[in-house]
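Here's the structure we're looking at; comments come further down.
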Amino acid sequence: MSPVVNNLLNVVLILVCVVFGAALLTWLERRLLGIWQDRYGPNRVGPFGTLQIVADMIKLLMKQDWVPPFADRLIFIVAPAFAMFVVVAAFAVIPMAPGVGVVDLNIGLLFFLAMTSLGVYAVMFGAYASDNKYAMLGGLRAAAQMVSYEVFMGLSLMGVVMLAGTFNLRELVLAQADGWFIGPQIVGFFIFFMAGIAESHRTPFDLPEAEHELTAGFHTEYSGMKFAMFFIGEYVSVLMSAAMITVLFFGGWLGPAWLPPLGWFLLKTMTLVLLMILIRGSLPRPRYDQLMTFGWKFMLPLALINLLITSALILI
Amino acid sequence: MIWAYLYNIVFYASCGVTVLATILMISRHNAVHALLYLIISSLSLAIIFYLLGAAFAAALEVIVYAGAVMILFVFVVMMLNQGQRSVVHEAAWLPASGWILPSVLAAILLSLLLIGMYSDQPLPPYGVHGVAVKEVGIALFGPYVLVVELASFLLLSGLIGAFHIARKMPSHMSSNTLEEVDHG
């Protein structure tokens with residue numbers, strides 16, 4: 001197989017798997033939440049309700065593609081597409097197994113951070129273009145929250161970068177052959193995990209779209225496929241956080257030989273996704289000022305102290 | 001061979017996008033649209049940096065400028081939420097005649113630039129030479145450590161200023177202002 005065909009195959013397969021995986025995740029999440037909350041969840045369409053996503057997709061596609069007359073039309077349409085684009089683009093740098101992965105960037109980790117920081121725009125411009133009070137409040141909350149959590153998201157990863165001495169994600173995985181970074185960087189893992197949940201604004205960090213206070217937050221005015229883009233984008237970013245944690249802290253595709261490398265990667269990623277769903281099912285949503293205080297007064301100092309101790313230990 | 005062509009196409013396309021977006025950023029009346037063009041301009045600038053081999057600068061351009069500074073701008077503009085009225089104001093404040101002098105000055109600058117580019121003097125070699133993150137770090141904490149320290153002074157003073165502005169009022173003062181609001 002020529003390298004070009006191989007690359008194209010990689011790109012298409014990863015894109016399809018990621019988007020369909022995210023769609024399937026909506027069913028998985030509802031089903032698991034149901035089980036953990038002593039109810040059934042979607043179980044009518046197809047075996048165990050697995051075809052529920054098809055039903056949802058048909059429903060969303062059949063909805064009228066409506067743009068409010070007071071909206072800023074172009075931005076209103078581009079924002080959800082951008083939300084989808086940044087998370088899918090960030091998947092390009094994630095090395096899933098030897099030979100599986102779209103690009104092998106030397107600045108892979110920085111590319112990931114850049115894409116997550118651009119993700120805020122989709123939310124903000126979606127909120128701005130909607131010209132709706134709830135959307136505006138949700139957008140402002142999202143912007144403040146994501147910018148604050150990005151600060152220590154980046155800082156929490158620098159410990160791993162110092163240990164491995166590279167920003168290249170493939171080399172970061174290979175550097176964990178002797179031991180996963182979860183051991184020396186358990187604090188970094190904790191901070192990055194929290195920041196990852198906050199970046200994809202899921203419970204308990206879902207204040208930008210808190211339905212009791214803000215209707216649906218920044219996507220109040222969105223319906224049909226545009227809403228679906230925001231929605232699926234959120235699930236893709238859940239997958240991405242999990243994949244990123246796998247690569248950075250759990251040794252990526254490395255593992256005993258009784259499972260292929262890709263199998264190990266998927267197993268670790270899915271375990272982390274399940275953990276995120278369990279957190280959503282069990283933790284309540286904090287007040288907004290509590291969220292910001294927690295971020296700036298606890299997580300940021302913790303990330304800095306972690307960095308300080310890590311660098312001191314490396315120097316010794 | 002084909003890669004060299006592609007490289008040139010992408011390079012000149014992103015240069016064109018940068019210039020066009022910057023011009024549009026200056027000439028828009030709607031503040032949010034202007035910011036959107038500024039963001040596009042810094043993103044395409046990042047692509048140029050990347051193509052010239054400064055991958056780290058490209059990543060920083062996106063993370064810091066597009067991903068943090070511009071977000072604060074958009075945040076403030078959204079909070080003020082001027083709407084359609086400010087667009088009308090802007091249009092009234094910036095009549096077409098106001099563009100003449102800046103355009104002439106910009107044209108002079110452009111002509112100087114063109115003369116400089118096409119004169120016989122040799123250009124500095126700009127050929128693609130990748131700069132690794134490590135080299136940047138060593139340079140920052142080696143010869144340029146003083147600049148880094150000065151920048152950190154600036155950031156610290158900004159932080160202290162923000163802390164001062166955002167400080168809570170003493171309790172007796174804040175309760176007074178609250179009462180005034182209530183009676184008003």
Side-chain angles (χ1 to χ4, degrees), chain A residues 4 70 72 74-75 78-79 82 86 89-90 93 105-133 135-148 150-151 153-154 158 161-162 165-168 199 218 292 296, chain B residues 2-3 28 30-40 42-43 45-47 49-50 53-84 87 130-138 141 155 159 162-163 166 168:
Chain A
V4 175
F70 44 81
D72 197 326
L74 182 65
I75 301 183
V78 171
F82 190 71
V86 280
V93 290
L105 272 184
N106 266 332
I107 51 159
L109 191 58
L110 291 172
F111 182 84
F112 162 77
L113 287 176
M115 284 300 130
T116 42
S117 68
L118 288 183
V120 189
Y121 284 123
V123 173
M124 282 179 95
F125 282 119
Y128 158 78
S130 302
D131 198 12
N132 171 307
K133 287 190 178 64
M136 191 62 84
L137 284 171
L140 288 177
R141 275 188 182 184
Q145 171 182 328
M146 288 168 89
V147 169
S148 322
E150 242 159 51
V151 173
M153 181 183 221
M158 289 311 124
V161 172
M162 279 195 288
T166 174
F167 279 112
N168 185 323
E199 282 294 319
F218 63 89
M292 292 309 251
W296 285 107
Chain B
I2 188 167
W3 295 115
R28 288 307 90 182
N30 186 326
V32 174
H33 290 177
L35 283 174
L36 205 55
Y37 282 116
L38 189 52
I39 294 160
I40 291 170
S42 63
L43 288 182
L45 198 60
I47 296 177
F49 280 151
Y50 186 78
F56 187 57
L60 282 193
E61 175 82 24
V62 178
I63 295 174
V64 176
Y65 285 91
V69 177
M70 294 314 300
I71 284 174
L72 295 183
F73 281 25
V74 178
F75 190 81
V76 171
V77 170
M78 265 173 70
M79 215 145 54
L80 300 175
N81 192 18
Q82 299 281 299
Q84 199 57 36
V87 178
V131 181
V133 181
K134 204 168 187 171
E135 291 171 45
V136 179
I138 290 170
F141 285 97
L155 286 177
L159 199 64
F163 180 73
K168 270 200 183 124

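Fair warning: this is a prediction, and the values are worked out from it, not measured in the lab. Naming: A, B, ... by sequence-line order, numbering from 1 per chain.
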Problem set entry | Proximal component of A/Ile107, with respect to chain B [non-hydrogen, under 4.5 Å] |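 Contact with chain B involves the side chain of A/Ile107 alone.
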Exercise. A/Phe167 versus chain B, heavy atoms under 4.5 Å apart: side chain, backbone, both or neither?
Worked result: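 Side chain only.
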For this session: Measure the spacing between CG of B/Leu35 and OH of A/Tyr121 and express it to the nearest 0.5 Å.
Result: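 Between B/Leu35 CG and A/Tyr121 OH, I get 8.5 Å after rounding to 0.5 Å.
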For this session: Step by step, work out the side chain to side chain contact (heavy atoms under 4.5 Å, CB included) result for A/Phe125 and B/Val32.
Result: CA-CA 9 Å; A/Phe125 282 119; B/Val32 174; 3.4 Å; yes
Exercise. Of the listed residues (A/Leu74, A/Leu140, A/Thr116, A/Val120), which shares the most heavy-atom pairs with chain B below a 4.5 Å separation?
Worked result: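 That would be A/Leu140.
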Exercise. Between A/Leu118 and B/Leu43, is any pair of side-chain heavy atoms under 4.5 Å apart?
Worked result: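 Yes. Closest side-chain heavy atoms under 4.5 Å.
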Problem set entry | Close side-chain approach of B/Tyr50 and A/Leu105, heavy atoms under 4.5 Å |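 They are in contact (side-chain heavy atoms under 4.5 Å apart), so the answer is yes.
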Exercise. Under 4.5 Å, heavy atom to heavy atom, which residues of residues 57-65 of chain B contact chain A?
Worked result: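 Expected list: B/Ala59, B/Val62, B/Ile63.
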For this session: List in chain and number order the residues that pass side-chain hydrogen bond (donor to acceptor under 3.5 Å, both in side chains) with B/Ser42, two or more places apart in sequence or in another chain; answer none if no residue qualifies.
Result: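 With neighbours one apart ignored, the set is empty.
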Which atoms form the tightest heavy-atom contact between [X] and [Y], and what is the distance?
X	Y	answer
A/Ser117	B/Gly67	OG-CA, 3.7 Å
B/Phe75	A/Ala144	CE1-N, 4.0 Å
B/Val74	A/Met124	CG1-CE, 3.6 Å

Exercise. Considering only heavy atoms, which portion of B/Ala66 lies under 4.5 Å from any heavy atom of chain A: side chain, backbone, both, or neither?
Worked result: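 Both backbone and side chain.
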